Amino acid sequence: QVQLVESGGGLEQAGGSLRLSCVASGNIDSIDAMGWYRQVPGKQRELVATIGNGGYTNSGDSVKGRFTISRDIAKNTVYLQMNSLKPEDTAVYFCVAFDDTAGEIAWGQGTQVTVSS
């Protein structure tokens with residue numbers, strides 16, 4: 001099994017920056033990619049960004065140009081650098097680990113990001 005622990009959420013003003021971190025532990029050899037989702041109560045979960053073991057990244061249209069995902073494989077950690085934050089970025093952000101065959105194999109507990117206007 002894979003365990004994921006996020007950190008770095010909090011309250012920030014519009015236009016500011018935050019960086020989220022997610023550390024993976026357990027059966028990390030099973031991880032082919034990692035990423036971030038976010039969810040607002042009453043709304044559908046939204047993919048924010050993903051990064052594969054080879055470094056290929058993908059991000060949602062709403063965050064392109066503002067958010068950057070990166071990964072330190074040696075530290076089993078994935079980061080989400082969030083710049084130019086907007087109030088609509090307010091959500092609970094979840095770290096996710098993927099296996100190429102099984103898809104999503106682990107979720108973090110979530111970290112709250114709140115952006116004030």
Side-chain angles (χ1 to χ4, degrees):
Q1 288 187 338
V2 173
Q3 293 81 43
L4 304 173
V5 178
E6 303 110 331
S7 61
L11 174 64
E12 182 58 74
Q13 292 184 336
S17 299
L18 284 172
R19 188 175 83 154
L20 305 183
S21 301
C22 173
V23 180
S25 61
N27 187 21
I28 57 175
D29 289 340
S30 64
I31 300 175
D32 294 311
M34 294 183 71
W36 295 89
Y37 281 90
R38 66 186 182 186
Q39 188 160 27
V40 176
K43 293 189 176 182
Q44 192 170 5
R45 184 182 300 156
E46 177 186 8
L47 175 67
V48 179
T50 60
I51 183 167
N53 285 355
Y56 176 80
T57 63
N58 181 44
S59 59
D61 289 341
S62 62
V63 304
K64 282 182 179 176
R66 300 187 299 120
F67 291 10
T68 301
I69 189 170
S70 61
R71 188 173 176 183
D72 187 333
I73 293 180
K75 294 183 178 180
N76 304 321
T77 301
V78 63
Y79 305 96
L80 184 68
Q81 179 66 43
M82 305 185 293
N83 298 329
S84 301
L85 284 164
K86 303 176 180 180
E88 51 263 44
D89 294 320
T90 296
V92 178
Y93 285 71
F94 296 90
C95 178
V96 184
F98 300 89
D99 172 272
D100 284 345
T101 302
E104 300 161 358
I105 57 174
W107 287 78
Q109 80 282 2
T111 185
Q112 176 71 46
V113 171
T114 302
V115 183
S116 62
S117 58

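Computed from a predicted model, the values in this text were never measured in an experiment. These numbers come from the heavy atoms of this one structure, side chains and all, not from hydrogens, waters or symmetry mates.
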Below 4.0 angstrom, N of the basic side chain to O of the carboxylate: do D89 and K86 qualify?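 The answer is no: the pair does not qualify as a salt bridge.
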Shortest non-hydrogen contact between [X] and [Y], atoms and distance:
X: T77; Y: K75; answer: OG1-O, 2.8 Å
X: M34; Y: C22; answer: CE-SG, 4.0 Å
X: S117; Y: A14; answer: CA-CB, 4.3 Å
X: Q1; Y: Q3; answer: CB-NE2, 3.6 Å

Spell out, as yes or no, whether a donor-acceptor pair under 3.5 Å connects the side chain of [X] to the backbone of [Y].
X: T90; Y: E88; value: no
X: E6; Y: C95; value: yes
X: Q109; Y: V5; value: no

Hydrophobic cluster identity match, V92 and L47, side-chain contacts under 4.5 Å: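 V92 and L47: one cluster.
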Do [X] and [Y] come close enough that some side-chain heavy atom pair is under 4.5 Å?
X: Y79; Y: L20; result: no
X: Y56; Y: I51; result: no
X: L18; Y: L85; result: yes
X: Y37; Y: V96; result: yes
X: N53; Y: R71; result: yes
X: L11; Y: V113; result: no
X: S84; Y: F67; result: no

With side-chain contact (heavy atoms from CB on, under 4.5 Å) as the test, pick out the partner of I31 among D99, N76, V2.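 Checked D99, N76, V2 against I31; only one passes side-chain contact (heavy atoms from CB on, under 4.5 Å): V2.
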Intermediate values then yes/no, side chain to side chain donor-acceptor pair (under 3.5 Å), R66 and S59: CA-CA 10 Å; R66 300 187 299 120; S59 59; over 6 Å; no
Side chain to side chain donor-acceptor pair (under 3.5 Å) between S62 and E46: does it pass, once the steps are laid out? CA-CA 10 Å; S62 62; E46 177 186 8; 2.7 Å; yes
Return the CZ to OG1 distance between R38 and T111, rounded to the nearest 0.5 Å.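 If we round to the nearest 0.5 Å, R38:CZ and T111:OG1 are 14.0 Å apart.
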At what distance, to the nearest 0.5 angstrom, does CD1 of I69 lie from CE of M82?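 Answer rounded to 0.5 Å: 11.5 Å.
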Once side-chain hydrogen bond (donor to acceptor under 3.5 Å, both in side chains) is applied, what residue pairs with a partner in residues 7-21 remain, sequence neighbours excluded?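 Counting only pairs at least two positions apart or across chains, the side-chain hydrogen bond (donor to acceptor under 3.5 Å, both in side chains) contacts touching residues 7-21 are S17-N83.
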Does K64 NZ have over 12 foreign heavy atoms under 6.0 Å away?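 Buried by this count: over 12 neighbours within 6.0 Å.
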Taking it one step at a time, do V78 and S70 satisfy side chain to side chain contact (heavy atoms under 4.5 Å, CB included)? CA-CA 6 Å; V78 63; S70 61; over 6 Å; no
Parallel, tilted or perpendicular: which one describes the rings of F94 and W107, with boundaries at 30° and 60°?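 Geometry flag for W107 against F94: perpendicular rings.
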